[in-house]
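This report refers to the structure that appears directly beneath it.
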Amino acid sequence: MVALDYANAESAEKLLTQLDGIPCFVKVGMQLFYAAGPAFVANLKDRGYKVFLDVKMHDIPNTVKGGAESVTRLGVDVFNVHAAGGKMMMEAALEGVDKAVSGGSDRPQVIAVTQLTSTSLVVLNEEIGLAGSMEEAVLRYARLTRAAGLAGVVASPHEVTAIKAACGADFVTVTPGIRPAGADVGDQSRIMTPQQAFAQGTDYVVIGRPITGAADPRAAIEAIIDSVS
């Protein structure tokens with residue numbers, strides 16, 4: 001999944017032109033979605049792209065239900081909510097999907113964020129206020145997500161093996177915090193290379209700056225694909 005972490009549609013389109021023909025998901029996050037709007041996502045779908053809409057819904061259940069219905073009607077393939085919103089909120093997201101699907105829309109996969117890959121143990125314990133290890137916190141949310149009926153979670157590649165063991169091999173893991181060997185770590189705390197992440201059993205890796213910030217983005221993603229083939 002290539003993260004289109006851009007401030008506007010024009011910049012994203014420049015990258016899409018460079019990556020034309022390479023089979024991959026595109027991830028549209030908050031910055032681009034807030035700038036370019038639903039029309040940009042609808043256009044991506046019209047052009048045949050698979051889209052992960054990364055807006056991390058976290059609100060009262062009824063609001064998340066409405067948001068889930070709206071993004072399902074856009075035709076996105078995957079979108080996410082925050083597991084920290086609780087089981088009722090996650091179930092409400094599925095209710096919104098069901099309502100949109102009954103109107104003829106295709107069913108997306110709904111996944112939940114466990115802990116952000118920028119979250120360190122110090123932040124988890126001292127700022128967020130959750131005691132215990134990172135893995136314990138992630139597994140708690142993963143099990144809750146499974147109980148709510150969602151397809152999987154967003155998590156660090158470091159937790160993939162434990163998540164699969166706790167929730168089943170069919171429970172989808174989408175892993176950001178991916179950095180090819182030698183790439184700048186940036187603001188991520190828990191990272192792996194693409195090869196390491198797939199070796200852990202993850203289903204999807206999300207890669208942004210090592211591709212979007214490369215001098216030759218096409219060469220960068222081709223090298224990544226070759227490294228895991």
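Quick caveat, the model's predicted, so the values are computed rather than measured.
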salt_bridge(K164, D203) N-O dist < 4.0 Å: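 Salt bridge between K164 and D203, a charged N being under 4.0 Å from a carboxylate O: yes.
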
R140 with E136: basic N within carboxylate O range, under 4.0 Å: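 Between E136 and R140 there is no salt bridge, as every charged N stays at least 4.0 Å from the carboxylate O atoms.
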
Partner set under ring-ring contact (aromatic ring centres under 6.0 Å, His included) for Y49, not counting sequence neighbours: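 In terms of ring-ring contact (aromatic ring centres under 6.0 Å, His included), with neighbours along the sequence ignored, Y49 is linked to no residue.
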
Partners meeting salt bridge (Lys or Arg N to Asp or Glu O under 4.0 Å) with D170 (sequence neighbours left out):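 Listed in chain order: R146.
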
Counterpart residues, salt bridge (Lys or Arg N to Asp or Glu O under 4.0 Å), relative to R143 (two or more places apart):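 None.
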
Are there more than 12 heavy atoms of other residues, nucleotides or ligands under 6.0 Å from atom [atom1] of [X]?
X	atom1	value
K99	NZ	no
D106	CG	no
K50	NZ	no

Any donor-acceptor N or O pair under 3.5 Å, side chains T72, S105: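 Side-chain D/A pair, T72 to S105: absent.
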
Side-chain H-bond candidate by donor/acceptor type, S11 with N8, under 3.5 Å: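 There is such a pair between these side chains.
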
Do any pairs count as a ring-ring contact (aromatic ring centres under 6.0 Å, His included) and have a residue in [range], sequence neighbours left out, and if so which ones?
range	result
residues 121-157	none
residues 206-229	none
residues 61-95	H58-H82

Any donor-acceptor N/O pair, D77 side chain to V51 backbone, under 3.5 Å: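 Yes.
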
Test item: Q200 side-chain N/O and A197 main-chain N/O as donor-acceptor pair under 3.5 Å: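 Not at all, since once roles are kept as given, no pair shorter than 3.5 Å links the two residues.
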
